[in-house]
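See below for the structure under consideration.
Convention: sequence-line order gives letters A, B, ...; per-chain numbering from 1.
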2 protein chains.
Amino acid sequence: MKSPQKRLDEILSKLRQREFRITPQRIAILKAFIRNDEHPSVEQVHAQVKINFPTTSLATVYKTVNLLKEIGEILELSFPDGRNRYDCRKPYPHPHLICINCQAILDPEVGSVARMTTEVEQNSGYRILSHQLEFFGVCPACQRK
Amino acid sequence: MKSPQKRLDEILSKLRQREFRITPQRIAILKAFIRNDEHPSVEQVHAQVKINFPTTSLATVYKTVNLLKEIGEILELSFPDGRNRYDCRKPYPHPHLICINCQAILDPEVGSVARMTTEVEQNSGYRILSHQLEFFGVCPACQRK
DNA sequence: ATACATGCAAAACATTTGCATAAGA
DNA sequence: TCTTATGCAAATGTTTTGCATGTAT
């Protein structure tokens with residue numbers, strides 16, 4: 001697991017390299033996304049950022065998310081309820097395990113995803129570029145309630 | 001593969017059994033969902049239904065979708081673009097293969113989904129109830145362009 | 001007859017956009 | 001300085017809701 005600081009530097013240097021500007025808001029938004037391993041929503045990150053930068057607007061957070069999507073440094077998770085959540089630590093496709101009771105999100109180890117992708121690619125003739133894999137269930141803690 | 005007529009009767013008898021009313025609009029909406037194997041959006045089904053029932057409102061289609069979700073007879077696919085699409089033929093979780101160019105949706109055969117679910121269940125302690133698995137790529141026809 | 005479904009319009013919700021102002025390079 | 005980012009408000013697009021009217025049972 002990469003350290004939050006390393007991950008932040010990684011993204012910052014990519015932004016510099018592509019001549020995007022490093023603003024206090026962007027740094028704060030990035031930190032909020034990276035520090036939070038709960039796959040936060042835009043709303044949650046905005047709330048976090050406003051603690052230190054009270055004037056930060058929701059629009060700026062959305063614009064930053066789109067910028068991060070463009071440079072491939074954030075993964076967007078679309079949910080049935082229409083509220084997207086994000087993974088800025090691992091911006092590449094990977095499985096998620098979601099508790100439908102407490103909304104906790106885990107990254108389970110799944111051995112066979114790559115194999116499965118190859119299988120589908122060969123059977124269908126599609127060139128597969130990405131995927132989305134979510135498991136919905138009840139976590140151990142919520143099962144006990 | 002179940003015949004469209006059989007699938008329609010299946011849903012209608014479930015509605016009757018639960019004492020929901022069978023209206024011409026509901027039948028038309030169901031037929032549009034079942035006839036269409038392209039995983040249509042609400043908008044698309046509404047357009048189809050309006051050919052025979054021009055006064056049908058979008059709200060009624062949405063309400064019917066929610067009714068079908070309640071009784072477990074439709075599968076909702078959430079997309080990053082925020083436009084949901086539906087599968088009323090196979091209302092249980094199954095993989096989808098989506099062309100990012102022409103939006104075609106296929107149901108690929110994937111052997112190892114059940115095995116993978118069991119693997120995640122055992123490693124995590126979660127009780128898994130459903131999943132969502134989408135592959136995004138370019139279909140053979142679009143690759144040639 | 002009566003409860004439920006429909007259809008319209010308005011509301012709700014997340015997200016995007018336009019534009020004047022502020023600020024990084 | 002000069003271009004890009006911010007923040008506000010308004011716009012967008014999808015889905016939901018309230019309510020009067022219509023209709024299946």
Side-chain angles (χ1 to χ4, degrees), chain A residues 11-33 39-47 49-71 73-86 103, chain B residues 11-33 39-47 49-71 73-86 103:
Chain A
I11 299 175
L12 288 180
S13 69
K14 196 163 186 177
L15 287 175
R16 263 188 284 267
Q17 175 193 312
R18 308 210 178 179
E19 302 195 302
F20 290 110
R21 291 181 182 170
I22 313 295
T23 65
Q25 290 92 332
R26 281 186 177 164
I27 294 173
I29 291 165
L30 282 173
K31 279 184 177 170
F33 270 121
H39 303 74
S41 65
V42 164
E43 195 71 54
Q44 288 173 310
V45 163
H46 182 229
V49 168
K50 282 218 291 190
I51 296 171
N52 292 311
F53 296 85
T55 63
T56 308
S57 72
L58 202 47
T60 296
V61 183
Y62 275 109
K63 282 168 186 165
T64 303
V65 164
N66 284 332
L67 176 60
L68 292 170
K69 284 202 282 181
E70 272 172 46
I71 66 172
E73 292 296 341
I74 200 165
L75 181 73
E76 187 172 61
L77 304 181
S78 50
F79 275 70
D81 72 348
R83 175 190 270 100
N84 290 344
R85 295 177 75 176
Y86 297 89
Q103 313 299 323
Chain B
I11 300 175
L12 288 179
S13 70
K14 196 163 187 178
L15 288 174
R16 264 188 282 268
Q17 175 192 311
R18 309 211 177 177
E19 302 194 303
F20 291 109
R21 291 182 182 168
I22 313 295
T23 65
Q25 290 92 332
R26 280 186 178 164
I27 294 173
I29 292 166
L30 283 172
K31 279 184 178 170
F33 270 121
H39 304 75
S41 65
V42 165
E43 195 71 54
Q44 287 173 310
V45 164
H46 182 229
V49 168
K50 282 218 292 190
I51 296 171
N52 292 311
F53 296 85
T55 63
T56 308
S57 72
L58 203 46
T60 296
V61 183
Y62 274 108
K63 282 168 187 164
T64 303
V65 165
N66 284 332
L67 176 61
L68 292 170
K69 284 202 282 182
E70 272 172 47
I71 66 172
E73 293 295 342
I74 200 166
L75 180 74
E76 188 172 61
L77 304 181
S78 49
F79 277 71
D81 72 349
R83 175 190 271 100
N84 290 343
R85 294 176 76 174
Y86 297 89
Q103 312 299 322

Next on the checklist: Between the opening five pairs and the closing five pairs of the helix from C/dA1-D/dT25 to C/dA25-D/dT1, how far apart are the helix axes, to 10°?
Outcome noted: 30°
Rounded to whole angstroms, how far apart are [atom1] on [X] and [atom2] on [N]?
X	N	atom1	atom2	result
A/H46	D/dT6	NE2	P	12 Å
A/L67	C/dT17	CG	P	14 Å
A/L58	D/dA11	CG	P	18 Å

Checklist entry - Just wondering, do A/I27 and A/L12 contact through their side chains at under 4.5 Å, heavy atoms? => result yes
Item to check | Non-hydrogen side-chain atoms of B/V42 and B/L58 separated by less than 4.5 Å | outcome: yes
Output yes when at least one side-chain N/O atom of [X] is less than 4.0 Å from OP1 or OP2 of [N], else no.
X	N	value
B/Y62	D/dT15	yes
B/N84	D/dT15	yes
B/S57	C/dC8	no
B/N66	D/dT15	no

Next on the checklist: Once ring-ring contact (aromatic ring centres under 6.0 Å, His included) is applied, do any residues pair with A/H46, and if so which ones, sequence neighbours excluded?
Outcome noted: none
Checklist outcome for this item: Sorted by chain and residue number, the side-chain hydrogen bond (donor to acceptor under 3.5 Å, both in side chains) partners of B/K50 (sequence neighbours excluded) come out as none
Checklist entry - What residues, two or more places apart in sequence or in another chain, satisfy side-chain hydrogen bond (donor to acceptor under 3.5 Å, both in side chains) together with B/S13? => result none
Checklist entry - Which nucleotides of nucleotides 18-25 of chain C have their base under 4.0 Å from a protein heavy atom (B), which only their sugar-phosphate (S), and which neither (-), written as one string 5' to 3'? => result B----BBS
Next on the checklist: Test of understanding: with salt bridge (charged side-chain N to carboxylate O under 4.0 Å, His left out), list the residues that count as partners of B/E76, not counting sequence neighbours.
Outcome noted: B/K69
Next on the checklist: For A/K14, give me all partners under salt bridge (charged side-chain N to carboxylate O under 4.0 Å, His left out), at least two apart in sequence or on another chain.
Outcome noted: A/E73
Checklist entry - Is there any side chain to side chain donor-acceptor pair (under 3.5 Å) pair reaching into residues 52-68 of chain B, and which pairs are they, with sequence neighbours excluded? => result B/S57-B/T60
Checklist entry - Pairs in or reaching into residues 21-30 of chain B: which pass side chain to side chain donor-acceptor pair (under 3.5 Å), with residues at least two apart or in two chains? => result none
Next on the checklist: Classify A/S41 by what it touches in the nucleic acid, base, sugar-phosphate, or nothing, heavy-atom distance under 4.0 Å.
Outcome noted: nothing
Item to check | Nucleotide nearest B/R26 (side chain, heavy atoms from C-beta), chosen from D/dT15, C/dG7, C/dA5 | outcome: C/dA5
Checklist entry - Among C/dT6, D/dT6, C/dT15, which nucleotide sits nearest the side chain of B/T60? => result C/dT6
